[in-house]
Amino acid sequence: QVQLVESGGGLVQPGGSLRLSCAASGNIFSINSMGWYRQAPGKQRELVATKTSTGFTNYADSLKGRFTISRDNAKNTVYLQMNSLEPEDTAVYYCNFRSLVVPNQGYWGQGTQVTVSS
């Protein structure tokens, strides 16, 4: 079992920045992928970015250049630096963990609200 705890969400003005953190604990396999998805009201959950323990990254094309994912493997923590935020970025952001060794082993955090508004 893996537990994920997100932090860093909140209210920010357009053009501002925010940094999200997600700490994983429990039965963590060293070979894994961690990342972020988001879901806005009335919309489907979508990929933001993921990063494997070996350094491979995957970004949503529309977010490249504004969002940056990073991770600290020693701390089992993944970060999402969000810059030039727009109202359209308003959503609940969910941390995700999945094993790249054990099939169908994936976990979600509770989510953290990000609201971009003036």
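No experiment lies behind these values; they were computed from the predicted model shown.
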(message) Evaluate Thr50 against Tyr37 for side chain to side chain contact (heavy atoms under 4.5 Å, CB included), listing each step before the verdict.
(response) CA-CA 9 Å; Thr50 61; Tyr37 294 74; 4.0 Å; yes
(request) Applying side chain to side chain contact (heavy atoms under 4.5 Å, CB included), run through Thr112 and Val92 and close with a yes or a no. (result) CA-CA 5 Å; Thr112 183; Val92 177; over 6 Å; no
Rounded to the nearest 0.5 Å, what separation is found between the [atom1] atom of [X] and the [atom2] atom of [Y]?
X	Y	atom1	atom2	value
Gln105	Gln1	CD	CD	8.5 Å
Ser118	Leu11	OG	CG	9.5 Å
Ser33	Arg71	OG	CZ	7.0 Å
Asn32	Leu100	CG	CG	6.5 Å
Trp108	Arg98	CH2	CZ	9.5 Å

Of all residues at least two apart in sequence or in a different chain, which pass the side-chain hydrogen bond (donor to acceptor under 3.5 Å, both in side chains) check with [X]?
X	result
Arg19	none
Thr57	none
Ser17	Asn83

(message) Restricting to non-hydrogen atoms, name the atom on Gln113 and the atom on Ala91 that form the minimum distance, rounded to 0.1 Å.
(response) NE2-O, 3.4 Å
Just by modelled atom types, is the [Y] backbone N or O under 3.5 Å from a matching donor or acceptor in the [X] side chain?
X	Y	value
Gln44	Gln39	no
Ser53	Ser30	yes
Thr90	Glu88	no

(message) Restricting to ring-ring contact (aromatic ring centres under 6.0 Å, His included), what partner residues turn up for Tyr94, sequence neighbours left out?
(response)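 Listed in chain order: nothing, the list is empty.
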(request) Decide side chain to side chain donor-acceptor pair (under 3.5 Å) for Thr115 and Ser117; before the verdict, give the C-alpha distance in whole Å, the side-chain angles of both, and the deciding distance to 0.1 Å. (result) CA-CA 6 Å; Thr115 302; Ser117 176; over 6 Å; no
(request) Report yes if the side chains of Asp72 and Tyr79 come closer than 4.5 Å at any heavy-atom pair, otherwise no. (result)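 Side-chain contact under 4.5 Å: yes.
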(request) Show which residues join Tyr93 in its hydrophobic cluster (side-chain heavy-atom contacts under 4.5 Å, direct or indirect), or state none. (result)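 Members other than Tyr93 - counting any ILVMFWY side chain reachable under 4.5 Å - are Val2, Leu4, Val12, Leu18, Leu20, Ile28, Met34, Trp36, Val48, Tyr59, Leu63, Phe67, Ile69, Val78, Leu80, Met82, Leu85, Phe97, Tyr107, Val114, Val116.
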(request) Write out all pairs satisfying disulfide (SG to SG under 2.5 Å) with one or both partners inside residues 2-102, taking only residues at least two apart or from two chains. (result)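 Only Cys22-Cys95 qualify under disulfide (SG to SG under 2.5 Å).
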